[in-house]
Amino acid sequence: MSTLATVLLAMLPLVAGWVVHVRWLHRCLSTARLDPLTGLVTRDGFTRRATALLKDPQAVVVLADVDKFKQINDRFGHAEGDALLKATADRLAHHVGRAGVAGRLGGDEFAAVLIDANGTAADMLTLLHGVLARPVDGQDPDVHTTVSLGWVRAADFPADDLSGLLRRADEAMYAAKQARSGTRRAGLGRLFATIAGRRSGRTGARTDRPVVGVAV
């Protein structure tokens with residue numbers, strides 16, 4: 001056997017070990033980007049996929065927030081609250097489909113980007129709002145709440161990046177929650193005051209940005 005063949009054979013275990021290690025690292029990275037409770041992508045994974053989707057002018061950004069979630073946890077316990085979050089995530093992901101992305105940003109806040117090829121986002125999100133309000137199978141019917149949705153068409157604000165569109169969707173969602181209207185589209189009206197694109201008290205808020213108007 002030649003010297004080269006001998007060297008290659010000796011290297012095979014090392015190469016095989018490296019391949020296994022790389023696959024293990026890839027699995028760890030993929031798992032780290034998934035929320036362990038809901039199975040949705042976390043903020044980093046969502047940002048990557050959503051940013052790519054926003055290249056499509058038909059993209060729609062959605063922000064969803066479970067109404068009165070703290071009361072659910074306080075009254076029925078965290079296990080019931082977790083089951084509600086899991087059901088919300090599953091329903092949201094189903095409606096967004098594989099062409100879009102749904103993620104859990106933290107707590108009871110979810111975000112999604114979908115491609116509205118038929119211009120029916122308003123109808124679809126109204127339907128989704130009803131689906132999200134349904135009781136969870138196998139759960140006490142009293143563990144029941146709604147989910148407020150705010151959404152924005154990326155094409156309406158071509159200068160905005162993902163962060164800016166999420167801010168607009170967040171403001172529209174807050175308006176929907178305050179009005180108990182279920183869903184609200186960001187448009188050309190007056191927004192609630194924001195701090196760095198997030199309402200006061202929400203993650204990422206700071207005090208060095210002016211109030212911005214948009215959306216009702």
Discussion item. Using a 6.0 Å cut-off, check whether atom CZ of Arg48 has over 12 heavy atoms from anything other than its own residue.
Written reply: no
Discussion item. Do Val152 and Leu54 land in one hydrophobic cluster if side-chain heavy atoms of ILVMFWY residues count as linked below 4.5 Å?
Written reply: yes
Worksheet item: Does any non-hydrogen side-chain atom of Val143 lie less than 4.5 Å from one of Ile72?
Response: yes
Worksheet, complete the sentence: For Ala93 and Leu40 the tightest heavy-atom approach is CB-CD2, 3.9 Å
Item to complete: Only counting residues at least two apart or in another chain, list the ones meeting side chain to side chain contact (heavy atoms under 4.5 Å, CB included) with Arg180.
Response: none
Please table the atom pairs, donor to acceptor, closer than 3.5 Å between any side-chain atom in residues 94-105 and protein atoms at least two apart or in another chain.
from	atom 1	to	atom 2	distance (Å)
His95	ND1	Arg91	O	3.2
Arg104	NE	Gly107	O	2.9
Arg104	NH1	Asp35	OD1	3.2
Arg104	NH1	Asp35	OD2	3.1
Arg104	NH2	Gly107	O	2.9

Donor-acceptor pairs under 3.5 Å, side chain of residues 77-86 to any protein atom, not counting sequence neighbours: which ones?
from	atom 1	to	atom 2	distance (Å)
Glu80	OE1	Gln139	NE2	2.6
Lys86	NZ	Asp90	OD1	3.0
Lys86	NZ	Asp90	OD2	2.9

Practice prompt. Check whether any side-chain heavy atom of Phe110 sits under 4.5 Å from a side-chain heavy atom of Thr88, and report yes or no.
Written response: yes
Item to complete: Enumerate the residue pairs fulfilling salt bridge (charged side-chain N to carboxylate O under 4.0 Å, His left out) with a member in residues 68-79, sequence neighbours excluded, ordered by first and then second residue.
Response: Lys70-Asp74
Discussion item. Nearest 0.5 Å, please: how far is CG in Leu165 from CZ in Phe157?
Written reply: 8.0 Å
Discussion item. Applying side-chain hydrogen bond (donor to acceptor under 3.5 Å, both in side chains), can you list everything that pairs with Ser148, at least two apart in sequence or on another chain?
Written reply: Asp67
In residues 117-138, what donor-acceptor pairs under 3.5 Å come from side-chain atoms, sequence neighbours left out?
from	atom 1	to	atom 2	distance (Å)
Thr126	OG1	Ala122	O	2.9
His129	NE2	Val147	O	3.4

Discussion item. side-chain contact (heavy atoms from CB on, under 4.5 Å) for Asp142 and Phe76? Distances and angles first, verdict last.
Written reply: CA-CA 9 Å; Asp142 288 337; Phe76 299 100; 3.7 Å; yes
Worksheet item: At their closest point, which heavy atom of Trp151 faces which heavy atom of Ala172, and how far apart are they?
Response: N-CB, 4.2 Å
Item to complete: Please report the C-alpha distance between Glu109 and Asp170 in whole Å, then the side-chain angles of each, then the deciding distance to 0.1 Å, and finally whether the side-chain contact (heavy atoms from CB on, under 4.5 Å) criterion is met.
Response: CA-CA 10 Å; Glu109 184 177 70; Asp170 183 49; 4.1 Å; yes
Fill in: Shared hydrophobic cluster for Leu53 and Leu114 (ILVMFWY, side-chain gaps under 4.5 Å)
no
Item to complete: Kindly give the heavy-atom pair with the smallest separation between Leu92 and Ala111, and that separation in Å.
Response: CD2-O, 4.3 Å
Worksheet entry | Non-neighbouring partners of Asp140 that pass side-chain hydrogen bond (donor to acceptor under 3.5 Å, both in side chains), sequence neighbours left out | none
Practice prompt. Step by step, work out the salt bridge (Lys or Arg N to Asp or Glu O under 4.0 Å) result for Arg168 and Asp156.
Written response: CA-CA 11 Å; Arg168 297 182 191 278; Asp156 289 346; over 6 Å; no
Worksheet item: For Lys177 and Asp65, what are the C-alpha separation, side-chain angles and deciding distance, and is it a side-chain contact (heavy atoms from CB on, under 4.5 Å)?
Response: CA-CA 9 Å; Lys177 189 182 290 286; Asp65 191 85; 3.0 Å; yes
Discussion item. I'd like to check the salt bridge (charged side-chain N to carboxylate O under 4.0 Å, His left out) partners of Asp108; sequence neighbours left out, ordered by chain and number.
Written reply: none
Worksheet item: Which residues pass the salt bridge (charged side-chain N to carboxylate O under 4.0 Å, His left out) test with Arg153, sequence neighbours left out?
Response: Asp116
Fill in: Pair Phe46-Thr42, side-chain contact (heavy atoms from CB on, under 4.5 Å): steps then yes or no
CA-CA 6 Å; Phe46 173 78; Thr42 55; over 6 Å; no
Item to complete: Scan Leu149, Leu166, Val62, Leu63 and name whichever one has a side chain to side chain contact (heavy atoms under 4.5 Å, CB included) with Met173.
Response: Leu63
Worksheet entry | Residue list, side-chain hydrogen bond (donor to acceptor under 3.5 Å, both in side chains) with Thr47, at least two apart or on another chain | none
